[in-house]
Amino acid sequence: MTISARELVSHWAHQEAERTAVLLPNESVSYASLHKSIAERAAILKQLGIRPGAQVALSFPNSIEFIIWLFAIFESDLVACPLDPKLSSPEVQQLLDRGEIDCLAGVAPGTMTHWHQLDSLPDASGHLWCRSTDVQTCKTVTGAVLRQFTSGSTGQAKHILRTDKQLTEDYSHFCTHLDLHKTERFLGVAPFYHAFGALGLLASLSLGATIIPMPRFFPGELLAAACLYQPTMLLASPPIIELLGRCLLGENEDKAFANLRYCICSTGRLSDSASNAFTTRYHVPVSVLYGSSETLSATIDLDPGFESNRVGKPFPGVEFRIFDDVGGILKAGDIGRIGLQSPAACTQYAQSDKALVCIDDFILLGDRGYSDQSGNLYVLGRDDQINIGGYKVDRTEIEIAIRENLPVSYVAVLPYHRAGQPALRAVVEADPEEVTVAMITRTCKDHLANYKVPARIEIYPRLPRDENGKVLVAKLDSDEVGSTSKEQNV
Amino acid sequence: MSTNNIRARCLAILGSFLVNPGELEKVNQGASLLDFSSLDSLSMVNLVVQLEIEFAVRLDADELDTVLATLDSLTDYLEKNSGGQA
């Protein structure tokens with residue numbers, strides 16, 4: 001039986017009222033109690049007179065407040081727009097302006113002083129702010145329950161209006177494929193505002209299971225929570241897996257994940273070393289999940305033995321194809337452009353000036369990879385080719401050569417102009433004491449044709465990353481990268 | 001382990017996180033560790049993990065605003081909580 005996203009909490013509040021929906025440090029919140037809070041909040045929203053279809057941004061860390069606001073917005077026929085609560089006020093303002101979002105639920109909106117507080121809720125609930133004193137002027141959208149934002153790691157964030165049906169498909173195929181039950185306990189550390197964290201939250205609620213929201217990530221706190229609550233499900237980004245694999249362990253914390261059925265990692269590339277360290281320490285394999293804001297969850301790797309590029313097989317109802325540069329379908333083993341088709345996928349971006357790239361209803365996300373004979377998908381990197389002196393250069397090939405031969409945590413090959421001509425620049429995250437420009441140059445010359453050797457190489461101990469650990473590629477052209485780099489014009 | 005030794009080891013770790021010119025110098029002169037753009041939220045977690053590993057001390061996340069206020073407060077905390085093991 002599939003329950004629609006908007007009705008998840010109300011369904012279990014009626015079916016099994018006393019089941020535990022949310023576990024907090026000092027409280028166990030039942031589905032009935034949670035629904036009561038949601039209904040009270042929804043009543044406030046309705047009383048304020050906000051029209052159906054109006055958008056309400058949510059700015060909360062993972063918390064019961066996030067859940068109450070999200071479902072109160074759903075029950076009021078409004079559209080929820082979850083934001084990263086760590087965004088600066090100017091960043092929030094930009095997202096709200098571009099999305100024509102006129103209401104914000106959260107703490108005081110910082111420098112957005114012209115916004116008007118609408119409610120008189122207790123402080124712990126956050127507050128509701130509106131761009132105007134007249135809520136009737138709020139812009140509305142139709143057919144959507146959620147507005148999500150892509151990471152913006154490769155440029156400006158794109159907006160996606162999500163239907164209830166797409167969300168429902170996402171958590172339904174996830175729960176079915178993994179054979180999840182109402183007895184699951186989800187450790188909610190992946191940010192709820194992001195598609196991956198939202199998947200965990202909605203999956204838990206769809207099952208009538210229990211979620212433990214973690215408002216922030218520090219390994220010690222997470223391990224303490226895991227020891228206490230003995231979760232069966234952990235959805236985590238690569239940096240979380242990596243840090244859990246090497247952090248200081250307290251007594252018995254190596255048993256923190258003794259009851260985990262699945263540790264699922266997504267939002268970026270997980271290294272062999274990070275996966276191996278986690279598994280060695282906690283005796284739990286890490287399963288990589290591949291997807292995107294556009295397609296939601298698409299594939300999951302449940303095969304034994306970790307392979308860093310393998311992202312597994314599609315969820316039920318999802319298909320992938322590998323395309324060549326002119327749209328032809330490639331066979332297993334051939335490297336090409338990855339296309340995904342899913343009933344959970346969006347059909348367009350919210351902004352009219354942005355278009356999904358598709359071939360035959362398969363969305364091209366800009367990744368390059370191949371499939372094997374077993375039907376597993378492998379993702380090699382971004383699908384970007386640069387024209388260098390008449391040669392078409394596959395950036396992924398250069399990145400793989402560097403990544404697989406040197407101890408780097410990240411590498412991006414980017415175009416730049418040298419004396420007016422296109423050239424290649426490698427931006428590398430590594431310990432400058434361990435990896436030098438000369439070593440990178442030598443590696444490239446040993447594995448690649450001369451014209452593929454980057455003309456400029458920059459090594460940084462740390463690159464700017466978002467909350468999920470994804471490198472903010474759009475910032476690699478700016479001064480925000482930091483200045484302790486080593487450069488050389490080869 | 002002496003205060004100077006702990007301080008030196010902290011500075012060595014901080015040096016790999018505070019990547020903009022002059023930041024480490026400012027920390028050494030008493031600036032707050034929480035005020036630098038190099039330390040985004042993920043870097044902060046990494047820093048905490050590095051310090052915990054180096055000194056075998058679990059830092060209380062609820063006390064980080066106090067502990068990381070300055071290099072002196074960090075050094076004091078580590079000296080008190082390492083039990084001589086640092």
Side-chain angles (χ1 to χ4, degrees), chain A residues 25 61 84-88 189 191 214-225 237-240 242-251 253 267-268 409 429-434 458-472 475 478-486, chain B residues 1 6 9-28 33-69 74 77-86:
Chain A
D84 176 357
K86 293 201 173 77
L87 289 176
S88 66
V189 66
M214 300 296 298
R216 61 187 179 190
F217 169 62
F218 282 100
E221 280 190 343
L222 190 85
L223 289 168
S237 62
I240 291 177
E242 193 265 332
L243 286 166
L244 287 173
R246 65 179 175 90
C247 66
L248 182 71
L249 271 191
E251 195 177 338
E253 283 180 346
T267 75
S409 49
E429 186 182 75
D431 181 346
E433 302 298 317
E434 286 188 15
E458 300 161 25
I459 304 172
Y460 299 92
R462 301 243 174 271
L463 288 172
R465 290 173 183 269
D466 70 8
E467 186 77 17
N468 285 314
K470 195 174 277 197
V471 171
L472 297 167
K475 290 190 174 176
S478 74
D479 291 337
E480 289 176 68
V481 183
S483 61
T484 56
S485 65
K486 294 185 179 182
Chain B
M1 195 62 68
I6 295 175
R9 287 157 71 190
C10 286
L11 279 170
I13 291 171
L14 285 165
S16 64
F17 288 90
L18 298 175
V19 296
N20 292 326
E23 285 180 335
L24 198 61
E25 178 67 20
K26 286 178 186 166
V27 163
N28 208 9
L33 296 170
L34 302 169
D35 290 343
F36 296 102
S37 60
S38 305
L39 283 177
D40 58 24
S41 57
L42 194 53
S43 295
M44 183 62 73
V45 180
N46 266 288
L47 172 63
V48 167
V49 168
Q50 281 300 115
L51 290 168
E52 289 183 343
I53 292 171
E54 174 70 15
F55 296 100
V57 170
R58 178 65 61 79
L59 270 62
D60 186 338
D62 285 334
E63 293 181 17
L64 282 181
D65 281 353
T66 310
V67 172
L68 295 178
L74 174 60
Y77 181 91
L78 291 170
E79 199 167 12
K80 283 186 186 116
N81 289 279
S82 66
Q85 293 162 26

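Each chain gets a letter, A, B and so on, in the order its sequence line appears, and its residues count up from 1. From a predicted model like this one, the values you see are computed outputs, not experimental measurements.
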Does a salt bridge link A:Glu253 with B:Arg58, judged by any charged N lying under 4.0 Å from a carboxylate O?
yes

So, the part of A:Ile240 with a heavy atom under 4.5 Å from chain B: the answer is neither

Grab the two heavy atoms, one from A:Leu248 and one from B:Ile53, that are nearest each other, plus how far apart they are.
N-CG1, 4.0 Å

Distance in Å, B:Ser43 OG paired with A:Leu463 CG, rounded so as to fall on 0.5 Å steps
10.0 Å

Between B:Ala61 and A:Glu221 the two heavy atoms that sit nearest each other are CB-OE2, 3.3 Å

Chain A contact via B:Leu64 - side chain, backbone, both or neither, heavy atoms under 4.5 Å:
side chain

So, the part of B:Val49 with a heavy atom under 4.5 Å from chain A: the answer is side chain

What heavy-atom pair brings A:Pro461 and B:Ser16 nearest, and what distance separates the two atoms?
CB-O, 4.1 Å

From B:Leu42 atom CG to A:Arg462 atom CZ, the distance as rounded to the nearest 0.5 Å:
8.5 Å

Can you find a pair of side-chain heavy atoms, one from B:Val45 and one from A:Arg216, that are under 4.5 Å apart?
no

Less than 4.5 Å to any heavy atom of chain A: does that hold for the side chain of B:Asp60, its backbone, both, or neither?
neither

